[in-house]
There are 2 protein chains.
Amino acid sequence: MSKLTLEEVAKLAGVSRATVSRVVNKPERVSPKYRERVLKVIEETGYQPNQAARMLVSRRSNILGLIIPSRADLIFTDPYFAALITGISRACNMHDYTLALFVFHSQEEQDQVYQRALGTGLLDGLIVTADKITDPLIPQIIARKIPAVYVGRPLDKAYTSFVDVDNVAGAYMAVSHLLRLGYQRVATITGPMSSTTSMDRYEGYTKALAERDRSIEDNLVVYGDFTRDGGYTAMRQLLPHHPDAVFVATDTMALGAIQAIHEANLTIPDDIAIVGFDDLSPATIADPPLTTIRQPVNQNGMLAVETLIDLLETGPVPPRHTILPTQLIIRATCGAMKFNNGNYVP
Amino acid sequence: MSKLTLEEVAKLAGVSRATVSRVVNKPERVSPKYRERVLKVIEETGYQPNQAARMLVSRRSNILGLIIPSRADLIFTDPYFAALITGISRACNMHDYTLALFVFHSQEEQDQVYQRALGTGLLDGLIVTADKITDPLIPQIIARKIPAVYVGRPLDKAYTSFVDVDNVAGAYMAVSHLLRLGYQRVATITGPMSSTTSMDRYEGYTKALAERDRSIEDNLVVYGDFTRDGGYTAMRQLLPHHPDAVFVATDTMALGAIQAIHEANLTIPDDIAIVGFDDLSPATIADPPLTTIRQPVNQNGMLAVETLIDLLETGPVPPRHTILPTQLIIRATCGAMKFNNGNYVP
DNA sequence: ACCTTTTTTGAGAGCGCTCTATACACATAT
DNA sequence: ATATGTGTATAGAGCGCTCTCAAAAAAGGT
């Protein structure tokens, strides 16, 4: 059996190459008679067009790249990325795009990986998690005019499209909830301040306090690093300053904080109340179950892909920004339940 | 600035297209004089060859596909896959291959995803997690003669290359350890028996018992599903039959089992001892810390990639099988520590 | 100095596809 | 009967690269 090409199929169907191409790409533009005949041959031979040839002329690969500029070992253990990748891959499947994954495991790998992702013209577009605001990646993407959508707000709004959740509002909601419940010394464990996500959540914290004329006490603000261990360490720093409630910027860190609180023989929420952020698996596994801010991570991922595909198909357009809402999920760690027979009415 | 092609670079360097191509691909076959000149132009212009054109003629894409035939939501929350993907992506980076990810979220998506992965000729080769032994994927891959390496032993050894850990030996080690410590009623929570991994671990369990002339008690064998909840449910089924030790086929399930034991107001290891399998994050997070079998997941992933690349470069060769060893990691749940002032000497 | 061998360069074909421009039916209008 | 239009098929160019093969240049031998 000779190599199965368009040419071959055309010969077998007794039509020209172009006709077969049309049957494959825009079947409605071929008369039913020929279309049937060609489809039959395709069916029989199991013909599938060569991607490379197709890419070469059409300049489209139907491959999207996902770049996650964080250390790979952190990425895959973090339930946030798990949910995000799930959403992204799902949307890719839905739209018949293939997903290529770009992560690096060391600083040295970074350049080489970026090169591969940006340089080869292999990818139609890029989804980038806008993790570190100083990452050299974003300027490169802009300079090369590669279609990209960021997950999370990058600093540069003018030249970038992104999808994000309303972190400020979410954090504000969390802290307001604690204040409303009467807590006096509301602390926060933030993420690394090199990410806009952390910045925004911190802003929500300050906003909620400011709105009630509370001042920010420096001792009650500790910087974490998004990991469980980081949350643990941060909480231990916080304990000597006797917070009666803590807004922890991620559920994963909250898990560490809870451990630190338990080890100090304090109870949650009676001695210290906790509100987290994310509402992913750690929130329900936590003991007691975590009051938290739910963010639609999965949906965010899907939306990023859909935005990107839209950008791809409609050509250069002004950057598009989508902000999804968050939601307060009340469980046991904020203490709201105990005020009202286990039913909290805001 | 006109389109940056080989042609263009050749013109700027005052050489032929072929020479530039040679500089890019096999620089040692070009005289230093020309090589320098061409490299300089490449440097200045930032030229990068078009992947599509390259693929078309060389029939190589430098893209590997990773197919994980499990529900996507399970994959990304499972620390096993986290470690595996980390290893795989790392090896891909090292060898300058791009990784494309193929997962599906529903049964309907499956076919379409397989089609995309197998049909388009886009991929040089495939890494497949040999999860479900009945998956239609493997026969398809064999039929199409697509270079592939499986992670985990597939049923068909004759036509497949794979890397795996020695699950039989690992499980045997775990159960022997428990028996040596004197436990009388050693139960097991297995994985789903549709996977060779689960089959092998169960075989190790039976082998250890048989070797000591213990019979397998049906009540002490419960089938789990690799999830934490599954482990919890399985343990609750087991409790009425009073096991004094349990070999749980994965750490994640062990987490659920531990929860069930605690809820029954039993203590670990005094009332029931536990040995897990994997030694990934759940093992150290567990309370008490989990005695388990360490398997080199990360390394396994890297090895899979390296085997595949080797296959790709050396052409059709007989299938290659690699089995990595496992290791017993003694922590608190097996009770070994308490026999000897916290120091276990086997 | 000339011929042979070896190394290096260049010309040209062609990978499999898409797409534009052109040719060709066939139906309808003149 | 010829002109006009409409839909549909084909011819042919070309996407950017690699690779073979022949030509040219350099090196070595007598």
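Here is the naming used below: chain letters follow the sequence lines, and residue numbers restart at 1 for every chain. What you see is a predicted model; the values in this text were computed from it and never measured.
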Residues B/Glu36, B/Lys40: salt bridge by 4.0 Å N-O rule | no
A/Ile88: which of A/Ile127, A/Asn298, A/Thr129 passes side-chain contact (heavy atoms from CB on, under 4.5 Å) | A/Ile127
[X] [atom1] to [N] [atom2], straight-line distance once rounded to whole Å:
X        : N      : atom1 : atom2 : answer
B/Gln51  : C/dC15 : CD    : C1'   : 15 Å
A/Leu122 : D/dG16 : CG    : C1'   : 15 Å
A/Leu6   : C/dC15 : CG    : C1'   : 13 Å
A/Arg37  : D/dT10 : CZ    : P     : 9 Å
A/Met55  : D/dG14 : CE    : P     : 22 Å
A/Glu7   : C/dT18 : CD    : C1'   : 14 Å
A/Leu56  : D/dG16 : CG    : P     : 7 Å
A/Lys11  : C/dG16 : NZ    : C1'   : 14 Å

Among the nucleotides D/dT18, C/dT9, D/dA9, which one has an atom lying closest to any side-chain atom of A/Tyr34?
->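 Nearest listed nucleotide: D/dA9.
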Looking only at side-chain N and O atoms, does B/Arg59 come under 4.0 Å of OP1 or OP2 in C/dG16?
->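 It does, given that an N or O in the side chain of B/Arg59 lies less than 4.0 Å from OP1 or OP2 of C/dG16.
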Think A/Ser31 has a side-chain N or O under 4.0 angstrom from the OP1 or OP2 of D/dG7?
->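 A/Ser31 to D/dG7 OP1/OP2: no side-chain N or O under 4.0 Å.
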Validation row: B/Pro147, B/Leu308 side chains within 4.5 angstrom (heavy atoms) =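 Yes. Closest side-chain heavy atoms under 4.5 Å.
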Please check: side-chain N/O of [X] versus main-chain N/O of [Y], any donor-acceptor pairing under 3.5 Å?
X        : Y        : answer
B/Gln112 : A/Asn93  : yes
A/Arg90  : A/Met302 : no
B/Arg29  : B/Arg22  : no

Under 4.0 Å from any atom of DNA chain C, heavy atoms only: list the residues of residues 12-30 of chain A that qualify, in numerical order.
->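 Heavy-atom cutoff 4.0 Å gives A/Arg17, A/Ala18, A/Ser21, A/Asn25.
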Just say parallel, tilted or perpendicular for the rings of A/Phe162 and A/His321, cut-offs at 30° and 60°.
-> parallel
